[in-house]
Amino acid sequence: MSKAKKYDSALMQRVRARITPELEGQIDRRMNLAVQIHSALQQRGLTNQEFAFMMGKKPSEISRWLSGTHNFTTETLWEIERVLNIQLLTSSPAPNNSSQIPVEELAEFIKAEVFKALTTYYQKTRQSV
């Protein structure tokens, strides 16, 4: 794979000059959220498609989330925290990182989430028929 060439022009310089420290901080926080979510998915062995199913979203929306450019609502972040059993927002108490969740407990948690998602999907499809 070749390394990307650094492109510079008067236009690029004007664009860079318009990026305020506040905007740069927002971009960093969004990227950090995407990295945390992606890491949680990898640790749990979940694909984007499986995570999308658990969240009741389309895989394309998950891809957008993981791009690092999505502006999340707090409700969406709370739901991601619940589904992946992680902490993304710092206003809630920090999880106890000194102990790992047993694999069996995590597997049961994921099974329960999939069951809930399937039940909801089944109920919606029955109502539309």
Side-chain angles (χ1 to χ4, degrees):
M1 191 160 69
S2 64
K3 190 173 183 179
K5 293 180 182 178
K6 191 170 186 173
Y7 179 76
D8 199 19
S9 69
L11 174 62
M12 290 301 293
Q13 290 172 3
R14 286 194 307 269
V15 169
R16 282 191 203 110
R18 294 177 68 188
I19 299 175
T20 64
E22 293 81 14
L23 180 58
E24 191 172 347
Q26 290 175 358
I27 293 167
D28 287 345
R29 287 189 292 277
R30 287 181 186 147
M31 290 291 187
N32 188 27
L33 284 171
V35 168
Q36 289 180 62
I37 295 166
H38 184 261
S39 294
L41 293 176
Q42 284 188 323
Q43 289 172 355
R44 286 152 180 77
L46 294 172
T47 65
N48 290 4
Q49 189 167 7
E50 291 166 334
F51 179 51
F53 181 77
M54 293 170 74
M55 292 291 297
K57 304 289 183 186
K58 293 180 180 179
S60 60
E61 186 166 355
I62 303 304
S63 294
R64 201 167 39 252
W65 291 358
L66 297 177
S67 73
T69 59
H70 186 72
N71 190 14
F72 290 98
T73 64
T74 52
E75 288 80 7
T76 299
L77 292 172
W78 291 332
E79 184 66 7
I80 293 168
E81 287 181 328
R82 186 187 69 75
V83 168
L84 294 178
N85 197 23
I86 60 172
Q87 181 182 352
L88 297 170
L89 301 173
T90 57
S91 62
S92 54
N96 182 357
N97 291 332
S98 63
S99 63
Q100 290 288 92
I101 298 171
V103 173
E104 298 82 17
E105 185 179 329
L106 184 58
E108 288 302 315
F109 176 78
I110 291 172
K111 285 179 194 175
E113 290 301 313
V114 169
F115 180 78
K116 279 193 253 180
L118 281 171
T119 301
T120 302
Y121 174 78
Y122 179 72
Q123 289 172 346
K124 285 181 181 179
T125 57
R126 289 203 50 163
Q127 289 174 356
S128 65
V129 173

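Since the model is a prediction, treat every value here as computed from it, not as a measurement.
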Would you please test L11 and R14 for side chain to side chain contact (heavy atoms under 4.5 Å, CB included) and show each step?
CA-CA 5 Å; L11 174 62; R14 286 194 307 269; 3.6 Å; yes

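Distance check: F109 CZ to R82 CZ gives 6.0 Å after rounding to the nearest 0.5 Å. Separating the OG1 atom in T73 from the CD atom in E79 is a distance of 10.0 Å, to the nearest 0.5 Å. Interatomic distance, CG of D28 versus CG of L33, reported as 11.5 Å (0.5 Å rounding). The NE2 atom of H70 lies 9.0 Å from the CD1 atom of I62; values are rounded to the nearest 0.5 Å. Here E24 contributes atom CD and I27 contributes atom CD1; the two are 7.0 Å apart, rounded to the nearest 0.5 Å.
Two residues are said to be in side-chain contact when any heavy atoms from C-beta on lie closer than 4.5 Å; F72 and L88 fail this criterion. With contacts defined as side-chain heavy-atom distances shorter than 4.5 Å, the pair E81/Q87 qualifies. At least one side-chain heavy atom of M54 sits under 4.5 Å from a side-chain heavy atom of I110. Here the side chains of E61 and T76 are not in contact, with every heavy-atom distance at 4.5 Å or above.
Between the side chain of S67 and the main chain of R64, a donor-acceptor pair closer than 3.5 Å is present.
When the side chains of ILVMFWY residues are joined at heavy-atom separations under 4.5 Å, either directly or via intervening members, V83 and L89 end up in a single hydrophobic cluster. M31 and L84 fall into different hydrophobic clusters, where Ile, Leu, Val, Met, Phe, Trp and Tyr are joined by side-chain heavy atoms under 4.5 Å apart, directly or via other members. I80 and W78 fall within the same hydrophobic cluster, defined by Ile, Leu, Val, Met, Phe, Trp and Tyr side-chain heavy atoms under 4.5 Å apart, directly or through other members. By the rule that hydrophobic residues join a cluster once side-chain heavy atoms approach within less than 4.5 Å of another member, L46 and V114 end up as members of one cluster.
Ring planes of W65 and F51: perpendicular class, angle over 60° (limits at 30 and 60°).
Atom CZ of R18 is surrounded by 12 or fewer heavy atoms from other residues, nucleotides or ligands within 6.0 Å. Heavy-atom contacts from other residues, nucleotides or ligands closer than 6.0 Å to NE2 of H38 number 12 or fewer. The local environment of CD in Q26 is crowded, with over 12 non-hydrogen atoms from other residues, nucleotides or ligands closer than 6.0 Å.
Nearest approach of A52 to K58, heavy atoms of both residues: CB-C, 3.8 Å.
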